[in-house]
Amino acid sequence: MRFSKILHVIPRSKVHNTFSLTRQNMSGFQAKVKAHDALDEASATGHFVRTAAGFREIISPSHAVFQPAANRYHLYVSYACPWANRCLAMLYLKGLEDVIGVTVVHPTWQKTKPANPDDKHCGWAFFDSANDQPLTTSTGHGSFAPSGCSPDPNAVHAKFIRDLYEASKDVLGKYSVPVLWDKETNQIVNNESSEIVRMFNSLDVFGGFVKGPFAHHDFYPVALRPAIDEVNQWVYESINDGVYKCGFARSQLAYDQAITDLYAGLDRVEAILAKQRYLVADGAEGRSVFTEADIRLFMTLVRFDEVYVVYFKCNVRPVASYPHIRQYMRDIYQTHRVAEIVNMEHIKTHYYTAHPLLNAWCATMYESEGNGWMMARLSEQIKSTNEERMAADATRFFTLNVV
């Protein structure tokens, strides 16, 4: 099966061809790129408008350069970033951790050109948790030394994620994670999380290396792709990106529209989960199926009450008040290795320290009562035996006539 059938989010004719850009312009490339971050992405009406990812190559056996191989590719992530964490979740679910390396960056943004006073950009920085001194915010507040971070292990020896983009001749100026890096050619392959997730999932790409309980589980099965794409679209617009539309709104109109759409989306999710275990149901078999749509939604939900309620003003209702969403989150949290990447220290440190415009003094709120069940260190509170979970599922779903 051709890989173009696996990834059909954006027509190939409409995306930036990274390989062509880097190979055709290696000599004398001097693009003038204005560095920016998400807080700069606002329309004239104050609406947050996200910049599309710029590196969109797809690893496949037929690709002229980026072909599947063990120990060739490297994933750069932040535990704080929901977009990066969906990629890390898929990597772990498919058992690819011994095939694709992973580096975690510091959650607090730093000045990415510290020697240039005219360059104000702040972004993701590499950090050695075992040896480096704690970092302050870009404005000099606080002291942050989270565990789990490491320096760049690859040939570029980057100090900042920005360095990887500049080494790849970026032309957009937004230096985000995730980054899927090719160690052989020393350039970015892809920085679009939805596409990285599908590459990791596809047996046509890394199928020769998968292992573990979800090794051969298809998170994007052919028969369900239209339904998954539909769910992904409205979940992205109203919830995944919706929380950012609320938090980064620069007008009351923009905020009012975003908050209304956000809670309409959450209400819609709650209604679906009242009838079935996962977001997408297989009509032929009459049951819901664990798909990429669930991974994408979960990464937003798990940050909601600890960050988005306060920091992004998404305070109409916490997700803990939705009984079916709450059970859904517990279910996915306990799924193979997902809990390992829910790192609330990184999550809260990032959001409350990376944007001085939104939180000038970088004070971080306390943990909300009742939300400890989301966190890895309290996972024992919500663990149940397989027999108990199976019984609970049977009671819940057969009662609702969902198999």
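Treat the numbers as computed from the prediction; the structure is a model and nothing was measured. Side chains included, hydrogens not; waters and symmetry mates left out as well; all remaining heavy atoms used.
- In summary, the aromatic rings of Phe290 and Phe219 are positioned with their centroids under 6.0 Å apart.
- Scanning both residues, Ala89 and Ile295, for their nearest heavy atoms gives CB-CG2, 4.0 Å.
- We find that Asp261 and Arg268 are not joined by a salt bridge, their nearest charged nitrogen and carboxylate oxygen being 4.0 Å or further apart.
- Looking at Leu96, Asn85, Val197 one by one, the single match for side-chain contact (heavy atoms from CB on, under 4.5 Å) with Met90 turns out to be Val197.
- For the residue pair Asn186 and Asn154, no side-chain donor N or O sits within less than 3.5 Å of a side-chain acceptor on the partner.
- Residues Thr45 and Ala254 approach most closely at O-CB, 4.2 Å, considering heavy atoms.
- Of all heavy-atom pairs between Val99 and Ala70, the closest is CG1-CA, 3.6 Å.
- Listed for the Asp256 side chain is no donor-acceptor partner under 3.5 Å among the backbone atoms of Leu253.
- Under the 3.5 Å distance criterion, with hydrogens and angles disregarded, no donor-acceptor pair is assigned to the side chains of Tyr322 and Tyr328.
- Put simply, the side chain of Ile59 reaches to within 4.5 Å of the side chain of Leu180, judged on heavy atoms.
- Heavy-atom minimum distance, Ala84 versus Val77: CB-CB, 3.8 Å.
- The closest side-chain donor-acceptor pair between Tyr351 and Asn359, if any, does not fall under 3.5 angstrom.
- Looking only at atom types and distance, the side chain of Asp229 has no donor-acceptor partner in the side chain of Asn232 under 3.5 Å away.
- The closest side-chain heavy-atom distance from Val102 to Glu97 is not below 4.5 Å.
- Between Pro107 and Pro146 the shortest side-chain heavy-atom distance falls below 4.5 Å.
- A 6.0 Å sphere centred on NZ of Lys183 holds more than 12 heavy atoms belonging to other residues, nucleotides or ligands.
- For the pair Lys113 (side chain) and His121 (backbone), a donor-acceptor distance under 3.5 Å is absent.
- Glu195 and Asn190 are linked by a side-chain donor-acceptor pair at a separation below 3.5 angstrom, with hydrogens and angles left out of the test.
- Salt bridge annotation for Glu270-Arg317: absent, with no cationic side-chain nitrogen under 4.0 angstrom from a carboxylate oxygen.
- Judged by the 6.0 Å and 45° rule, Arg198 forms a cation-pi pair with Tyr220.
- A side-chain donor-acceptor contact under 3.5 Å links Thr51 and Glu41.
- Here the side chain of Arg330 pairs no donor or acceptor atom with the backbone of Arg326 at under 3.5 angstrom.
- For Arg250 and Phe48, the positive end is not near the middle of the six-membered ring at less than 6.0 Å and at most 45° from its axis.
- Within 6.0 Å of NZ in Lys159 there are 12 or fewer heavy atoms belonging to other residues, nucleotides or ligands.
- Judged purely by distance below 3.5 Å, without hydrogens or angles, the side chains of Asp163 and Tyr175 never pair a donor atom with an acceptor atom.
- Within the 3.5 Å criterion, the main-chain N or O of Asn240 finds no donor-acceptor partner in the side chain of Arg296.
- Looking at heavy atoms from C-beta onward, Arg50 lies in side-chain contact with Tyr236 at the 4.5 angstrom threshold.
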Check against salt bridge (charged side-chain N to carboxylate O under 4.0 Å, His left out), Lys174 and Asp37: CA-CA 6 Å; Lys174 183 180 180 182; Asp37 60 41; over 6 Å; no
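- Taking 4.0 Å as the cut-off between side-chain N and carboxylate O, Arg86 and Glu292 do not count as a salt-bridged pair.
- Here the side chain of His355 pairs no donor or acceptor atom with the backbone of Tyr352 at under 3.5 angstrom.
- At a cut-off of 3.5 Å, with distance as the only test, no side-chain donor of His346 or Ser78 sits close to an acceptor on the other residue.
- Taking the six-membered ring where the residue is Trp, Tyr308 and Phe312 present parallel rings, their angle staying beneath 30° rather than reaching 60°.
- A salt bridge between Asp182 and Arg72 is present, with a side-chain N of the basic residue lying under 4.0 Å from a carboxylate O of the acidic one.
- A salt bridge between Lys211 and Asp98 is present, with a side-chain N of the basic residue lying under 4.0 Å from a carboxylate O of the acidic one.
- The shortest distance between side-chain heavy atoms of Trp109 and Phe160 does not fall below 4.5 Å.
- In this structure, Pro68 and Met199 have side chains that are not in contact, with every pair of non-hydrogen atoms separated by 4.5 Å or more.
- Remark: the backbone N or O of Cys122 is not paired with any side-chain donor or acceptor of Thr112 at under 3.5 angstrom.
- A side-chain donor-acceptor contact under 3.5 Å links Asn191 and Tyr165.
- Lys94 contributes a side-chain N or O that, together with a main-chain N or O of Phe214, makes up a donor-acceptor pair within less than 3.5 Å.
- The closest donor-acceptor contact from the side chain of Glu306 to the backbone of Phe304 lies at 3.5 Å or more, if one exists at all.
- Between His106 and His350 there is no side-chain heavy-atom pair separated by less than 4.5 Å.
- Checking side-chain atoms of Ser288 against main-chain N and O of Tyr278 turns up a donor-acceptor pair under 3.5 Å.
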